[in-house]
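One structure is given below, encoded as structure tokens.
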Protein chains: 2
Amino acid sequence: MCSTKFNGKKMVNKRELLLKSADELIHAQGFQSTTLADIARHSKVPLGNIYYYFKTKADIGNAVIQLRESKLQDLLKQLDQLETPKARLKAMTETIIANKKDIVKYGCPIASLSQEAGKIEDSMIKKADSILRLLVDWAIKQFKEMGFRQNARMKGIQFVSHIEGMTVVAQALKDPVVLDCQVKALKIWLDDIKN
Amino acid sequence: MCSTKFNGKKMVNKRELLLKSADELIHAQGFQSTTLADIARHSKVPLGNIYYYFKTKADIGNAVIQLRESKLQDLLKQLDQLETPKARLKAMTETIIANKKDIVKYGCPIASLSQEAGKIEDSMIKKADSILRLLVDWAIKQFKEMGFRQNARMKGIQFVSHIEGMTVVAQALKDPVVLDCQVKALKIWLDDIKN
DNA sequence: GTCTATACGGCGATAGAC
DNA sequence: GTCTATCGCCGTATAGAC
């Protein structure tokens, strides 16, 4: 059972509510800095009630990872409807511009989670970098479709590296213009590239 | 007073010892996951004694930031002795290969600290990204020396982005070969570049 | 299913003997 | 300067009434 009805109007269930709050807070503050009390306050769900929906805090972390992975999958599915692989890759770079503000403030939601997860030896959030892997594999696929063979992998990794690199630098420099310029450069690279 | 003597032999003082432990542990586990007990155990200094050398945990964090900044400055000074700016930039990429193992395991010590610091609103570690800024400025200087004018800044940022991006991807994919390939690509980019 | 009160443990920090 | 013992807080998690 996932959603309740009230006066015939569909309402978001609390689990979704909590997850959405956790997602936002973790993006802004990181997993470790985000307390269950934070999530409770932000989602207006009482602290103790969280445990009805999630067994542990690590569970919430994993749910957020899963959420971001499915968000990425949706995006990729969307991009795949474009005709040429080059158009898809370019469209991907445009999503960076669309999320400019958040990226400069909080960094890339995929990479930051992945990096933080790598530092927690406890017993949790182990598959965070599978999200980034997903992105890399998608990029490689695009380059293969463009006619690349042995070096499609290298090009795909280069593409993703470029994206992640610019977010790191933009955040450190607190300068959204960095993203504009680097996306432009990345597009030029895509145009000039030859196999 | 910074170092003590024992039998005429110079010994590292405890502050340095603690700092070195903190540096290593924070690189491996992150600042938040690293407890004072960790540092005490690793450096074999009793927990309570840490407070003789550092007022708070945040102080330790800041000292580590300073340490990494001065390490970077030393490296840049070293590279500056090379004749051409292009040779300096290439030599910089080679330091990535030299630290391959650690980077794949723990990521870039500069970027990871910078990112984690950005998520801690508390009252500490505010100037972590000044280190990355230092690197960017140095890179820009190199491109200016190469004859670039208005777009030297963009090229410098692109260079650093490339470096930081490859470390993120290499860590997520847990694949040191990524670094080999991307460094190679970066060198080719430096050779083919024209102003 | 919902919510309050509270137990429990860990970590940063301090007191104070030596 | 060094080190042990311990305090106090905060964050996760649980008990249990409703």
Side-chain angles (χ1 to χ4, degrees), chain A residues 1-7 9-22 25-26 28-64 116-117 119-125, chain B residues 1-7 9-23 25-26 28-65 116-117 119-125:
Chain A
M1 185 194 327
C2 262
S3 60
T4 54
K5 303 265 185 176
F6 180 67
N7 283 350
K9 198 174 173 184
K10 193 181 166 193
M11 301 194 65
V12 204
N13 68 13
K14 283 198 181 171
R15 200 194 135 93
E16 253 176 76
L17 209 64
L18 285 164
L19 193 54
K20 200 175 168 235
S21 288
L25 289 168
I26 288 174
Q29 312 175 344
F31 176 75
Q32 301 192 86
S33 298
T34 301
T35 68
L36 296 175
D38 285 340
I39 298 172
R41 194 176 344 101
H42 187 270
S43 61
K44 293 186 182 89
V45 170
L47 176 58
N49 201 6
I50 293 179
Y51 285 90
Y52 180 78
Y53 297 97
F54 299 95
K55 261 208 308 293
T56 65
K57 189 190 175 187
D59 270 14
I60 298 179
N62 286 316
V64 168
E116 196 175 7
K119 308 264 178 187
I120 305 174
E121 262 323 306
D122 263 84
S123 63
M124 54 174 74
I125 325 191
Chain B
M1 188 197 324
C2 263
S3 60
T4 55
K5 305 263 184 177
F6 179 68
N7 283 349
K9 197 176 175 184
K10 192 182 167 192
M11 304 192 63
V12 205
N13 67 12
K14 284 198 178 171
R15 200 194 135 93
E16 253 177 76
L17 209 64
L18 286 164
L19 195 53
K20 198 172 169 240
S21 289
D23 186 34
L25 289 168
I26 289 175
Q29 311 174 345
F31 175 75
Q32 301 192 86
S33 297
T34 301
T35 67
L36 295 175
D38 285 340
I39 298 172
R41 192 173 348 98
H42 186 271
S43 62
K44 291 185 183 89
V45 170
L47 177 58
N49 202 4
I50 294 179
Y51 286 91
Y52 181 77
Y53 298 97
F54 298 94
K55 260 208 310 294
T56 65
K57 189 190 175 189
D59 269 15
I60 298 179
N62 285 317
V64 168
I65 291 175
E116 196 176 6
K119 308 265 180 188
I120 305 173
E121 263 323 309
D122 265 84
S123 64
M124 52 174 71
I125 324 189

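The analysis underlying the following values was restricted to heavy atoms, covering all of them including side chains, and did not include hydrogens, waters or symmetry mates. Order of the sequence lines fixes the chain letters, A, B, ..., with proteins taken first and strands second; residue numbering starts at 1 for each chain. Bear in mind that the values here come from a model prediction, so they are computed numbers and not experimental data.
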Report task. Check whether any side-chain heavy atom of A:I120 lies under 4.5 Å from a side-chain heavy atom of A:F31, and answer yes or no. Result ->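 Heavy-atom side-chain distance check passes, below 4.5 Å.
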
Query raised in the report: Does the side chain of B:I39 reach to within under 4.5 Å of the side chain of B:L25, using non-hydrogen atoms?
Result: yes

Report task. Indicate, with a heavy-atom threshold strictly under 4.0 Å, whether A:T34 touches base, sugar-phosphate, or nothing. Result ->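 Sugar-phosphate: the residue A:T34, judged by heavy atoms under 4.0 Å, touches backbone atoms but no base.
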
Taking atom [atom2] of [N] as reference, at what distance in whole Å does atom [atom1] of [X] sit?
X      : N      : atom1 : atom2 : result
B:I60  : C:dC11 : CD1   : P     : 14 Å
B:L25  : C:dC11 : CG    : P     : 13 Å
A:L18  : C:dT2  : CG    : P     : 10 Å
A:I120 : D:dG11 : CD1   : P     : 16 Å
A:K57  : D:dA13 : NZ    : P     : 9 Å
B:L36  : D:dT4  : CG    : P     : 16 Å
B:Q32  : C:dG10 : CD    : P     : 19 Å
A:R41  : C:dC3  : CZ    : C1'   : 17 Å

Query raised in the report: Which of residues 46-56 of chain A sit near DNA chain C, with a heavy atom under 4.0 Å from it?
Result: A:P46, A:G48, A:N49, A:Y52, A:Y53

Report task. Would you please name every residue forming a side-chain hydrogen bond (donor to acceptor under 3.5 Å, both in side chains) with B:R41, sequence neighbours left out? Result -> B:D38

Sequence neighbours left out, cut at 3.5 Å: what donor-acceptor pairs do the side chains of residues 47-56 of chain A make with other protein atoms?
unit_1, atom_1, unit_2, atom_2, d
A:T56, OG1, A:A58, N, 3.3
A:T56, OG1, A:D59, N, 3.1

Report task. Hey, could you give me the CD/CD distance between A:E116 and A:Q32, rounded to the nearest 0.5 Å? Result -> 5.0 Å

Query raised in the report: Roughly how far, to the nearest 0.5 Å, is the OG1 atom of B:T35 from the NE2 atom of B:H42?
Result: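 Going from the NE2 atom of B:H42 to the OG1 atom of B:T35 covers 12.0 Å.
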
Query - Closest to the B:K14 side chain, choosing from C:dC11, D:dT2, D:dT12 - result: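 Looking only at side-chain atoms, B:K14 lies closest to D:dT2.
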
